[in-house]
Amino acid sequence: MRIVPNQGNGKITVPDLMQRKSLAAANSTIKKITCLTAYDYPTARLMDEAGVDIVLVGDSVAMVALGHESTLPLTLEEALHHTKAVRRGVKRALLVADMPYGSYHGEINEAVHNAMRFVKEAGVEAVKVEGGERRLELIARLTEAEIPVMGHVGLTPQSVNALGGYRVQGKTPGTAEQLLRDSRSVEAAGAFSIVLEAMPRELAFEITKAVHIPTIGIGAGPDCDGQVLVLHDMLGLTFQDAPKFARRYANVGEIISNAVREYCADVQNGSFPTDAESYHAPSNVKSRKTISIER
Ligand code: KIV
């Protein structure tokens with residue numbers, strides 16, 4: 001084993017990301033943290049090579065890639081399956097996996113065992129769990145077990161039934177105070193970063209100032225230490241209206257539909273495949289057509 005303070009090969013690590021927050025306080029040129037979700041090898045590889053800092057195998061896979069109505073049905077085995085594919089595509093970015101609903105809500109020992117499966121079987125460098133104060137013990141136990149944890153407060157989609165829908169959180173003084181307490185607890189328990197989802201930008205700003213770990217915002221305004229988006233939202237690959245924070249960087253859905261229509265038309269009008277797109281028999285082998293004519 002080589003002992004080096006920094007791997008020097010551009011690999012993003014948990015300590016690098018934490019250090020970025022402390023350096024940013026004194027140096028305005030420190031870059032914000034970028035994070036995107038990925039669920040398969042090609043997209044993971046493309047985003048890793050394009051330079052994103054964190055690749056998150058979000059449980060949003062349940063909705064955007066598996067067609068479920070919420071994230072709740074995702075199983076541990078499905079999450080592991082997608083995470084293993086993403087692992088093969090990610091070399092440089094930090095790889096984080098969401099623990100699916102039900103995999104950390106019962107016995108703590110079972111939750112630690114499930115998180116270890118993400119590390120041992122899928123090669124993640126951190127796991128993400130939703131919830132604030134009520135996850136204190138879990139986050140502390142995972143951290144003790146050498147598993148870096150990303151927290152997630154605000155709109156936590158796994159609480160959709162308890163919250164009564166997907167709504168912006170922390171809009172009253174009382175709920176804002178609770179989210180601040182949640183964020184502080186997540187930090188105190190040992191998390192290395194925290195996702196702030198769907199809350200007023202003023203509250204996200206306050207939380208970002210109050211904690212020493214990087215905040216990664218989604219629908220939480222521009223003052224967080226970094227941003228995350230669901231890949232399918234930013235690429236225009238979803239079938240509902242995207243939330244207002246989900247800037248669309250491309251319309252890949254339209255590109256795919258047009259390509260498929262063009263292919264179908266080409267097959268049907270005989271312009272695909274051409275002779276150049278066909279294999280040819282060696283010149284010393286007679287074609288079946290010739291043989292049958294000779295017969
Ligand atoms: O599952 C997911 O994609 C997430 C991000 C929105 C942070 O949790």
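Counting starts at 1 for both ligands and their atoms, following the listed order.
Under the salt bridge (Lys or Arg N to Asp or Glu O under 4.0 Å) criterion, Asp233 pairs with no residue at all, not counting sequence neighbours.
Chaining together hydrophobic side chains whose heavy atoms lie under 4.5 Å apart places Ile30 alongside Leu23.
Around the CD atom of Glu121, the shell of radius 6.0 Å holds more than 12 heavy atoms that belong to other residues, nucleotides or ligands.
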Atom pairs and distances, donor-acceptor, side-chain atoms in residues 259-268, under 3.5 Å, two or more places apart:
unit_1, atom_1, unit_2, atom_2, d
Arg261, NH1, Asn258, OD1, 3.2
Asp266, OD1, Ser271, OG, 3.3

Would you mind writing out a table of all protein N or O atoms found under 3.5 Å from any N or O atom of ligand 1, naming both atoms and giving the distance to 0.1 Å?
unit_1, atom_1, unit_2, atom_2, d
ligand 1, 1 (O), Asp59, N, 3.1
ligand 1, 1 (O), Asp59, OD1, 2.9
ligand 1, 1 (O), Ser60, N, 3.0
ligand 1, 1 (O), Ser60, OG, 3.2
ligand 1, 1 (O), Asp98, OD2, 3.0
ligand 1, 3 (O), Ser60, OG, 2.5
ligand 1, 8 (O), Asp98, OD2, 3.4
ligand 1, 8 (O), Lys128, NZ, 2.8

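Donor-acceptor pairing under 3.5 Å is lacking for the side chains of Gln169 and Gln178.
Relative orientation of the His82 and Tyr39 rings is perpendicular, given thresholds of 30° and 60° on the angle between their planes.
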